[in-house]
Amino acid sequence: MFLLLSAGCLTGFAQARNIYLDSLENRLADKAVSVTEKAGIYNILIESHRTSDRYEQAFHYIRLLRRLADSAQLPVEQVKVFVHLGTIAGNKGEYDKARLYADTAELTATKSGNNLAKSYSSYLLAHSQLNLSESENVVKTVHKALSFLSAYPEEYSLYAKLNYFLYAVYTDWNNLDNSLRYARESVAFAERSNDKNLLSNAYTALAVSYTYQYEKSRSNKDLQLIIQTQEKAADLYRQFPGRVADFTFALARTNKADYQLRYYPDLSASAQQQIEKEVREVLDVVGKLKNSQPVVASALGILATLAKRNGDQPAEEQYLLEARRVLLTQQPVYLHTLQMVTGQLAQLYAEKGQFRKAYEYRNDEINYTHQLFDQDQAASVQRLTAQFQSQKREAEMKALEEKAESQRRQKLLYIGLGIAGLAGSFFMFRSYHFRLKYSLERAKQLSTEKSEAELLIKFQEEEQARLRIEQQLLEVSQQKLQDEVMASQLHIHHKNEVLSQLKETISGGTINTIQQILRKESLMDNDFEKAKFRIQEVHPHFFRNLNEKAGQKLTPLDLQYCAYLYLGMDTKQIASLLHVEPKSVRVTKYRLKKKFGLDEKDSLISFLQQSAG
């Protein structure tokens, strides 16, 4: 079904990669290679296998690197061992394990006293914090790592990676200026390094920053920067055979195609052919790789979009069905892409008038939405648990440090008291030997008992403070989960109503009526997702505040009306969204005023906006 590149092309890239890796292996066998150079080769091989999801091979070279670093007493390489292990654990979603590796790397670096080792341990800590969405901590840790690096200006790769972290944080914060700044810094350092895979990723990051700039300016110059930068990322795969990961190349190619389809509504036939050719390159390169199903499905989705633009429904159907089949071969299934592909199939069959298939795929899409919600909830709990454990370890470390400092001071106090006692005893021995000896011993005993009592009280206060912090963390985690469940229940309730209406319409309705419902529901999905994001993220306690202020218990439908009114929807919009008469909306608004104890002259919308604070 797919027109792929020639087998010779695929074989050529595979051979180039194997030749490059074999050349590194041959260097390891050379007895003239120094220990430092051998460690560098190990690091390159580890990164090459890690970025291609070949973790078993990566672990093999990590073991070799650790043996070499321990025998030669190389503190930086000892820390890099834990950096590699922690990075792989983080990529696999093993957040607790990743944080333990970060703690071990920090301990190893601190013992060595080597600032370069400390900068690598800080890099791993920032990687762990980024996985847990601890954005503010990431910025602090990265700047700490950069301070350690000030004496090592030639560490271009590490500078590039740290600036990439800052780009990721500021992009998440929608800070365009800093997103561009750190993406450019990452590219500049990556260009000076010998890591072409890192450079390709840095170019992709810069292209993402340019999209934010283009969304703001709508300048053709900025649009060209997006395409040109993403093309640079892809070209490195051909320029440096074997040194850019297949997945990195696939990401660059699919991103470029996505930008072209998104920002060029009227592509010429030649431009569409070029996109199709480049997408098929992706299928050729990653089609047989392990865990490549989401990438393959994304490429097939782009081909389906091209077919849809050209009005070729049979081809669009083939691509989408193949994408769905490929996704289902992976365990666990990548639900994000599967949900999107299933939704596109439902829309396609609705357009073709095959409403039973449309209904079945729409029902599957909703099931995947529920599974994705459960999966996201589980991942959120896992991240919260990892954050809690991390904060708990930090609190314990702080308590141990304070205890050690207290013991040190106590020892100094005892030494001082001992010296003073000896001097006093020697001085008083000559005249008041027996009487003063008893007094000094009694004073020493009282001082010791007092110190022990003070330490006991302090330790009890610290334990109580730690227990309060743990309780507060648990309460915050539980409240956040409850708010997310409440917002999602509103969405699920609405989707169930639409399914019931669609089912009834299939029995006795017309094609135009069903298509109208599907189009309206697609628009409502987008509106509701934006609404849920705004309420959950900007005003996380909105629903709880309303329940506290209501004189009577609020039903889920009451909360749904409150959310729509707060978002500024008028009576007609709400009536259309909930499939009721405008009169029913007005009655509900009047009933809500009564529940909140408002007068007729009071504004319900103003009351809801105040409740969101």
Side-chain angles (χ1 to χ4, degrees), residues 10-30 33 35-70 74 76-94 97-98 101-102 105 120 123-124 127-128 131 157-158 160-161 164 190 193-202 204 233-234 236-252 282 284-296 330:
L10 177 61
T11 304
F13 286 125
Q15 287 179 344
R17 179 170 56 253
N18 292 334
I19 290 172
Y20 175 65
L21 296 178
D22 288 344
S23 68
L24 294 176
E25 289 281 2
N26 292 335
R27 288 290 296 159
L28 290 173
D30 189 348
V33 174
V35 172
T36 304
E37 186 178 356
K38 184 176 290 188
I41 294 173
Y42 283 146
N43 282 297
I44 294 173
L45 289 169
I46 292 167
E47 282 293 292
S48 177
H49 290 299
R50 182 188 65 80
T51 54
S52 299
D53 283 355
R54 296 190 294 268
Y55 292 135
E56 289 302 321
Q57 294 92 324
F59 286 136
H60 168 70
Y61 289 107
I62 289 173
R63 287 190 290 270
L64 293 178
L65 175 62
R66 183 169 190 172
R67 190 182 307 162
L68 177 67
D70 290 342
L74 303 174
V76 176
E77 301 306 324
Q78 288 174 328
V79 171
K80 284 183 180 180
V81 167
F82 297 109
V83 170
H84 293 308
L85 292 171
T87 303
I88 292 174
N91 292 344
K92 294 169 69 176
E94 299 171 347
K97 187 182 292 186
Y101 285 131
Y120 272 101
Y123 159 79
L124 179 57
H127 185 278
S128 175
N131 285 332
S157 294
L158 187 53
K161 292 176 181 178
Y164 186 94
S193 75
N194 198 35
D195 191 336
K196 304 306 176 185
N197 190 71
L198 177 61
L199 178 58
S200 182
N201 281 319
T204 295
L236 290 171
Y237 187 76
R238 295 180 180 277
Q239 295 172 12
F240 301 94
R243 299 177 66 180
V244 177
D246 295 331
F247 285 125
T248 304
F249 166 74
L251 176 64
V282 172
D284 191 17
V285 169
V286 304
K288 295 183 179 180
L289 295 180
K290 183 181 179 182
N291 299 327
S292 65
Q293 288 90 335
V295 180
V296 172
Q330 185 180 21

Looking at CG of Asn201 and OG1 of Thr248, how far apart are the two atoms once the value is rounded to the nearest 0.5 Å?
4.5 Å
Of all the heavy-atom pairs spanning Ala245 and Ser52, show the shortest one and how long it is.
CB-OG, 4.1 Å
Pairing residues for Ala250 by the side chain to side chain contact (heavy atoms under 4.5 Å, CB included) criterion, not counting sequence neighbours
Val282, Val286, Val295
With sequence neighbours left out, the residues meeting side chain to side chain donor-acceptor pair (under 3.5 Å) with Asp22 are none
Mind checking whether Tyr101 and Val83 have side chains closer than 4.5 Å, heavy atoms only?
no
When rounded to the nearest 0.5 Å, the distance separating CG of Leu28 from CD1 of Ile41 is 4.5 Å
Can you name the one residue among Leu21, Leu199, Asn194 that meets side-chain contact (heavy atoms from CB on, under 4.5 Å) with Arg243?
Asn194
What residues, two or more places apart in sequence or in another chain, satisfy ring-ring contact (aromatic ring centres under 6.0 Å, His included) together with Tyr42?
none
Just by modelled atom types, is the Lys196 backbone N or O under 3.5 Å from a matching donor or acceptor in the Ser200 side chain?
no
Spatial distance of atom CG (Leu45) from atom CZ (Arg27) [nearest 0.5 Å]
12.5 Å
Taking side chain to side chain contact (heavy atoms under 4.5 Å, CB included) as the test, write out the residues that go with Arg50, two or more places apart.
Glu47, Tyr55, Thr87, Ile88, Asn91
Hits for side chain to side chain contact (heavy atoms under 4.5 Å, CB included) against Asn26, two or more places apart or cross-chain, chain-then-number order -> none
With side chain to side chain contact (heavy atoms under 4.5 Å, CB included) as the test, would you mind laying out the steps for Leu68 and Glu77 before giving the verdict?
CA-CA 9 Å; Leu68 177 67; Glu77 301 306 324; over 6 Å; no
Tell me, please, which residues at least two apart from Phe247 pass ring-ring contact (aromatic ring centres under 6.0 Å, His included).
none
Residues two or more places apart in sequence or in another chain: which of them pass ring-ring contact (aromatic ring centres under 6.0 Å, His included) with His84?
none
Point-to-point distance, once rounded to the nearest 0.5 Å, from CG of Asn131 to NZ of Lys92
13.5 Å
All heavy atoms of Thr51 vs all of Ser48, minimum pair found to be OG1-O, 3.2 Å
Heavy-atom nearest pair, Ala190 first then Ala160, reads N-CB, 3.7 Å
Among residues at least two apart in sequence or on other chains, which ones pass side chain to side chain donor-acceptor pair (under 3.5 Å) with Arg66?
none
Of all heavy-atom pairs linking Ala105 and Phe82, the shortest is CB-CB, 3.9 Å
Sorted by chain and residue number, the side chain to side chain contact (heavy atoms under 4.5 Å, CB included) partners of Thr204 (sequence neighbours excluded) come out as Gln230, Ala233, Leu251, Ala252, Asn255
Does the pair Tyr237 and Asp246 meet the rule for a side chain to side chain contact (heavy atoms under 4.5 Å, CB included), with working shown?
CA-CA 8 Å; Tyr237 187 76; Asp246 295 331; 2.6 Å; yes
Who pairs with Lys97 by salt bridge (charged side-chain N to carboxylate O under 4.0 Å, His left out), at least two apart in sequence or on another chain?
Glu94
Measuring from Tyr120:OH to Gln78:CD, what's the distance to the nearest 0.5 Å?
14.5 Å
Nearest 0.5 angstrom please: Gln57 CD to His49 NE2, how far?
5.5 Å
List in chain and number order the residues that pass side chain to side chain donor-acceptor pair (under 3.5 Å) with Tyr123, two or more places apart in sequence or in another chain; answer none if no residue qualifies.
none
Arg63: partners by side chain to side chain donor-acceptor pair (under 3.5 Å), with sequence neighbours left out:
none
